[in-house]
Amino acid sequence: MIAPEEERRVQDAVRQHARARVFAEAEDVISALLSDPRVQEARERVEAAETELGMELCARLQPFQDRYDQAVAEGDAARFTEVCAGKHGRWGRICVLPGGHETSMEEPHWGRNSEGRPIAWVSSAPDDW
């Protein structure tokens, strides 16, 4: 007879193994999908539209970027609590608009991409996605 603690440990290990396997399989499927030329073409079109919109909004939204840059330079953590949590960490995007801007200002997320160019986007993703 197996002790309850040992049985629980084995069940946890089995669950953890199954979960890791499912995630590995999902990564394989996602990689295959993202390598499809049609998906790559669609991504390029989306990035072009985001860049174009980012440039169009730049004149109006640049003061938000300036305030964000100033907060970074001064280490003003309190100001960061007011900034939108929208980001695409993998692509180096951080929204510099105030939290809730999607409804209050009716604007998409806006900031600079990893190359420093203005960019606008909808939706967000976690840093590790």
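Just so it is clear, the structure is predicted and the values come from calculations on it, not from any experiment. Note that these values count all heavy atoms, side chains included, but never hydrogens, waters or copies made by symmetry. Numbers for residues simply follow the sequence, beginning at 1.
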ask   = Below 4.0 angstrom, N of the basic side chain to O of the carboxylate: do Arg9 and Glu5 qualify?
value = no
task = Please indicate whether Glu106 has more than 12 foreign heavy atoms, meaning atoms of other residues, nucleotides or ligands, lying under 6.0 Å from its CD.
result = no
ask   = Hey, does the side chain of Thr81 reach the backbone of Ala78 with a donor-acceptor pair shorter than 3.5 angstrom?
value = yes
query = Are the side chain of Arg79 and the backbone of Tyr68 linked by a donor-acceptor contact shorter than 3.5 Å?
reply = no
query = Is Val46 reachable from Ile119 through a run of hydrophobic residues whose side-chain heavy atoms are each under 4.5 Å from the next?
reply = no
inquiry  = Please evaluate residues Arg117 and Cys58 with respect to the criterion side-chain contact (heavy atoms from CB on, under 4.5 Å), reporting the C-alpha separation (whole Å), side-chain torsions for both, the decisive distance (0.1 Å), and the verdict.
reply    = CA-CA 10 Å; Arg117 292 190 306 265; Cys58 189; over 6 Å; no
inquiry  = Are the side chains of Asp66 and Gln62 in contact, using a 4.5 Å heavy-atom criterion?
reply    = yes
request  = Mind checking the CZ-CD spacing from Arg38 to Glu41? Nearest 0.5 Å is all I need.
outcome  = 10.0 Å
request  = State, yes or no, whether a side-chain contact exists between Glu107 and Phe64 at a heavy-atom distance under 4.5 Å.
outcome  = no
ask   = What do you reckon, is CZ of Arg15 surrounded by more than 12 foreign heavy atoms closer than 6.0 Å?
value = yes
request  = Compare every heavy atom of Val96 with every heavy atom of Gly111, then report the nearest pair and how far apart it is.
outcome  = CA-CG2, 4.2 Å
request  = Determine, using the 4.5 Å side-chain heavy-atom cutoff (strictly less than), whether Met55 and Leu61 are members of one ILVMFWY cluster.
outcome  = no
ask   = Taking side chain as C-beta onward, heavy atoms only, is His101 less than 4.5 Å from Cys84?
value = yes
message = Is it true that, when you exclude Gln16 itself, more than 12 heavy atoms of the residues, nucleotides or ligands shown sit nearer than 6.0 Å to its CD?
response = no
query = Nearest 0.5 Å, what's the CG-CD distance between Asp12 and Glu7?
reply = 10.5 Å
inquiry  = Within this structure, what is the CD-CG distance for the pair Gln40 and Leu33, rounded to the nearest 0.5 Å?
reply    = 10.5 Å
key: Atom of Ala59, atom of Pro63 and distance for their closest heavy-atom approach   = O-CD, 4.2 Å
task = Please test His109 against Glu102 for side-chain contact (heavy atoms from CB on, under 4.5 Å), starting from the C-alpha separation and ending with a verdict.
result = CA-CA 7 Å; His109 296 294; Glu102 298 99 319; 3.2 Å; yes
message = Would the distance check show the side chain of Trp110 and the main-chain N or O of Leu97 forming a donor-acceptor pair, the cut-off being under 3.5 Å?
response = no
inquiry  = Quick one, Val83 and Cys95 - any side-chain contact, counting heavy atoms below 4.5 Å?
reply    = no
message = Less than 4.0 angstrom from a charged side-chain N to a carboxylate O is my criterion; do Arg93 and Glu50 meet it?
response = yes
remark   = CZ (Phe80) and CD1 (Ile94) are apart, to the nearest 0.5 Å, by 8.5 Å
inquiry  = Applying a strict under-4.5 Å side-chain criterion to I, L, V, M, F, W and Y, I'd like to know whether Ile30 and Val39 cluster together.
reply    = yes
task = Apply the test side-chain hydrogen bond (donor to acceptor under 3.5 Å, both in side chains) to residues Gln65 and Asp69: give CA-CA distance (whole Å), side-chain angles for both, the deciding distance (0.1 Å), then the verdict.
result = CA-CA 6 Å; Gln65 181 71 52; Asp69 292 343; 2.8 Å; yes
